[in-house]
Amino acid sequence: MLSSITIQDLFFFVLSSVIIFGAIMVVSSKNLIHSAINLILCLFSTAGLFILLNAEFVAIAQVMVYIGGVVVFMLFTIFLTTRLGEEHLEPLFKNKFFNGTILVMAACWVASFIPSVIDPERDQTFAQNASLTEVGARFLDLRESGFIVPFEVISVLILVAMIGAIAIAKNDNDPKNKDEVSN
Amino acid sequence: MNFLYPDMLILILAIGVLAVDLILPQDEESNAPFLMSWLGLASIAVILITQTPPPGDYMVGFGTYTINGISTIMKLLFTLACLFSILLSKSYFTAGGNLRGKMNRHSEFMALMIFCTFGMYTVASAGDMISLFVGIELSTIPLYILSSFYKDDRSSTEAAIKYIVMGSVSTAIGLFGFSFIYGAVGYVGFEDITNFVVNNPRDPFIWIGFILILSSLGFKLGLAPFHMWAPDVYQGAPTPVTTFLSVGSKSVAVTALMLLIYGPLSAIHQETNTLLIVLACLSMVIGNLGAMRQKELRRFMAYSSIAQAGYILVGFLGKGEFAQSSIIFYLFVFMFTNVCTFFIFSIIGQKRTESFSSLRGLSKEKPMLAALLMMCMFSLAGIPPFAGFTGKFILFASAAKEGYYWMVLVGALNSTVSLYYYLLIIKEAYINKPDENQPPLHLNTLQKINLSILGTGVVLIGLIPIFYNRVSELVNLS
C-alpha cells in the first residue's frame with residue numbers, strides 16, 4: 001500500500017490536513033478575525049485540491065469568489081462593525097457530551113453512505129477533464145449541450161442586482177425632493 | 001418562435017420601463033412607468049391567454065428552455081400576479097397614498113417587479129437544473145430589494161435583512177442539493193436525470209439532493225418548519241411587495257417543485273410523498289395555530305398563506321395530469337383571492353394602521369368593501385360557492401384519488417379550524433362597534449375597477465368550468 005503512494009497522493013494528504021486544520025481553527029478560534037483568516041487558509045487548500053483534480057476553472061472560481069469575494073466581504077463586515085472582532089465569542093452549546101453526540105451521529109450518517117459509493121457495481125466512469133477554454137466555450141455554445149440561455153439569464157440577474165443596489169443605496173433625501181420628505 | 005414572444009416582450013418591457021425615466025423629463029408625479037408597465041403586462045397576459053402551444057415540449061436552447069402547456073399557463077399566472085401588484089402599488093407612490101409614507105423611484109420599482117416576473121418565466125420554462133436555479137434566483141433577488149423600498153421605515157429594512165439572510169441560506173442549501181444530484185447523474189438536463197432515477201431509485205445522492213432542494217423550496221413556499229421569515233417579511237415589506245411575494249414567490253416554488261416531482265423524480269414520487277405529508281401537516285397546523293393569535297392584518301395573511309401552502313402540498317400527493325392541473329388551478333384561485341384581500345387591506349392602510357381594529361364598522365362605512373372582504377375570507381376558508389371551495393375540492397380529490405383519504409380528512413379538519421380565524425376578520429368588519437375617531441376611507445376609480453375584476457374572479461372561477469377546463473387542457477398538452 002505504502003509503496004504505491006505517488007506525489008499526487010502526497011499532495012492530497014498535505015492539502016487535506018491543511019484543510020482539516022484550517023476548518024478546526026475556524027470553529028475553535030475565539031476571535032472572529034482569526035476565524036476569517038483561517039477560513040482563507042482552508043479555502044486556498046481546497047483550491048489546491050481542485051488543481052490536483054485538473055479542474056482549473058473550479059480552482060480559479062474558488063479563489064476569486066470565495067477568497068476574493070466572500071471572505072474579504074466578511075472581513076469588511078467585521079472591521080466595519082464596531083468591536084465585533086475584539087470580543088471573545090462564547091460557543092452556543094457548551095455541553096461537551098451533547099456536542100460530541102451530535103458529531104458522532106453526523107459522522108455515522110456520512111459514513112453510512114460509504115458502502116453505496118464504493119460499490120463496485122456503481123458506474124465508475126469519470127467525466128473528462130475540461131480546460132478553461134472548453135468551459136468557456138460550453139457556456140456560449142449555440143449547439144447542443146450549450147448553456148447559452150442560463151448564461152444570458154445570469155447576465156439579467158447581475159443587471160437586476162446592480163439596479164437594486166443603486167435603488168437602495170441612493171439617497172432619497174437629497175435637497176431636490178426636500179419638501180416631499182417633510183410631508 | 002412566436003411562443004417565445006411573451007418571454008422576450010417581458011424583458012424588453014422591463015428595460016423599457018427603466019429607460020422611460022431617462023427619456024422623459026424628470027418628474028416625480030410622472031405616470032409613464034406605471035402606464036407602460038401595466039399596459040405591457042396586460043398585453044403579455046392577453047398573448048398568453050390566446051396562445052396554445054403545440055403538444056409536447058417546444059425546446060429552445062437545446063433543452064435548457066422549454067415551452068409547453070404548463071409553462072404557458074404558469075406564465076399567465078405570474079404575469080397576472082405582477083400586473084395586479086403593480087396596479088396595487090400605484091397609490092403607494094402618491095403622497096398620502098399610505099399611512100407608512102410615500103415610496104420613491106417608481107420606475108425602478110416596477111422594472112424590478114417585471115424582471116422578477118421574467119425570473120419566474122425562466123423557472124416555468126426550465127429544462128435543466130441550471131436554468132431552474134438561475135430562474136429561482138432571478139425571481140427572489142428582486143424581492144429582497146423590493147422589501148426594503150420604505151427606506152425610512154425600520155420594519156421594512158428589518159424585513160429585507162431577515163429575508164436576504166435567510167433566503168441566502170436557503171439558496172445555498174438548494175444549490176448544495178442540486179450539486180448532489182449533478183454529482184450522482186453527471187448531467188444537469190431533466191431528461192438525463194429522469195433516466196438515472198428510473199434506473200437507480202434508491203441512490204443516496206438523489207435522496208440527499210432531493211431533501212436539500214425540498215428544504216430550499218420549502219423556504220420559498222413558506223412551508224413549516226421553514227416559515228420563520230414569513231410573518232416578519234410580510235409585515236415589514238410594502239404591501240404591493242407583500243402581495244407579489246405571497247402570490248408570485250409561492251407559485252414559483254410550487255412550479256419548481258412540480259417540475260421536479262412530476263418530471264425527473266416521478267419514478268420516486270411514491271416515496272417522496274412521506275416527506276410531503278409531514279411538511280403539509282406541519283404547515284397546516286402551524287399556519288392555522290399562528291393565524292389565530294394575530295392582530296395585524298399582513299402578519300395574519302402570512303400565517304394564512306403558510307396554511308394555504310400546506311393545502312397546496314396535499315395536491316402533490318396525487319399523480320399525473322390531474323394533480324398538476326388541480327395544483328395550478330388552486331394557484332389561480334389563491335392568486336385572485338389573496339390579491340383581492342391585499343387590495344382591501346391597502347385601501348384600509350391609506351389612512352389607518354393595517355390591523356384588525358381598523359376594520360371595525362367597515363360594513364356601515366363601505367358595505368361593498370366589507371362584502372368583498374367577506375367573500376375573500378370565505379374563499380380562503382373554502383366555503384362554497386366561492387372559488388376557494390372548488391379549488392380545495394379538486395386539490396383534495398387529487399390526493400383522494402391515490403388513496404390518501406386520511407390526508408384529506410386532515411386537510412378538511414384544518415380548513416374548519418381556519419374558518420374560525422377568517423370569521424374573526426368578518427366579525428371585526430360586521431359586528432364590532434366602529435371607532436369614532438377613525439379617518440374615513442376613500443376609494444379611487446382604479447381601485448374600484450381592480451376590486452370588481454378581482455371580486456368577479458373570486459366568484460366566477462369556481463363556478464364556471466371554463467377556467468378549470470382550460471387549465472387541464474393545457475396541462476394535458478405537455
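Naming: A, B, ... by sequence-line order, numbering from 1 per chain.
With a 4.5 angstrom heavy-atom cutoff, I163(A) touches chain B only via side-chain atoms. Of the atoms belonging to L138(B), heavy atoms from both backbone and side chain fall under 4.5 Å from chain A. With a 4.5 Å cut-off on non-hydrogen atoms, L11(B) touches chain A through its side chain but not through its backbone. If you measure heavy-atom distances from N200(B) to chain A, you find no contacts under 4.5 Å at all. When heavy atoms are compared at a cutoff of 4.5 Å, S131(B) approaches chain A by way of both its backbone and its side chain.
A donor-acceptor pair under 3.5 Å is absent between the side-chain atoms of K151(B) and the main chain of A169(A), judged by distance alone.
The heavy-atom pair separating I145(B) from V160(A) by the smallest distance is CD1-O, 4.0 Å.
The residue among I130(B), L146(B), V188(B) with the most heavy atom pairs within less than 4.5 Å of chain A is I130(B).
The salt bridge (charged side-chain N to carboxylate O under 4.0 Å, His left out) test applied to E158(B) returns K162(B), not counting sequence neighbours.
Rounding to the nearest 0.5 Å places CD of E152(A) at 12.0 Å from OG1 of T122(B). The structure places CZ of F118(B) at 10.5 Å from CG of L157(A), a figure rounded to the nearest 0.5 Å. The distance from atom CD1 of I154(A) to atom CZ of F133(B), rounded to the nearest 0.5 Å, is 9.0 Å.
Counting heavy atoms from C-beta outward, F147(A) and D128(B) have side chains that approach closer than 4.5 Å.
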Report the C-alpha separation of F115(B) and L159(A) in whole Å, then their side-chain angles, then the decisive distance to 0.1 Å, and conclude whether the side-chain contact (heavy atoms from CB on, under 4.5 Å) test is met. CA-CA 10 Å; F115(B) 273 125; L159(A) 173 72; 3.7 Å; yes

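Counted within 6.0 Å of CD1 on I161(B), heavy atoms from surrounding residues, nucleotides or ligands total 12 or fewer; the atom is thus considered open. The local environment of CD in E271(B) is crowded, with over 12 non-hydrogen atoms from other residues, nucleotides or ligands closer than 6.0 Å.
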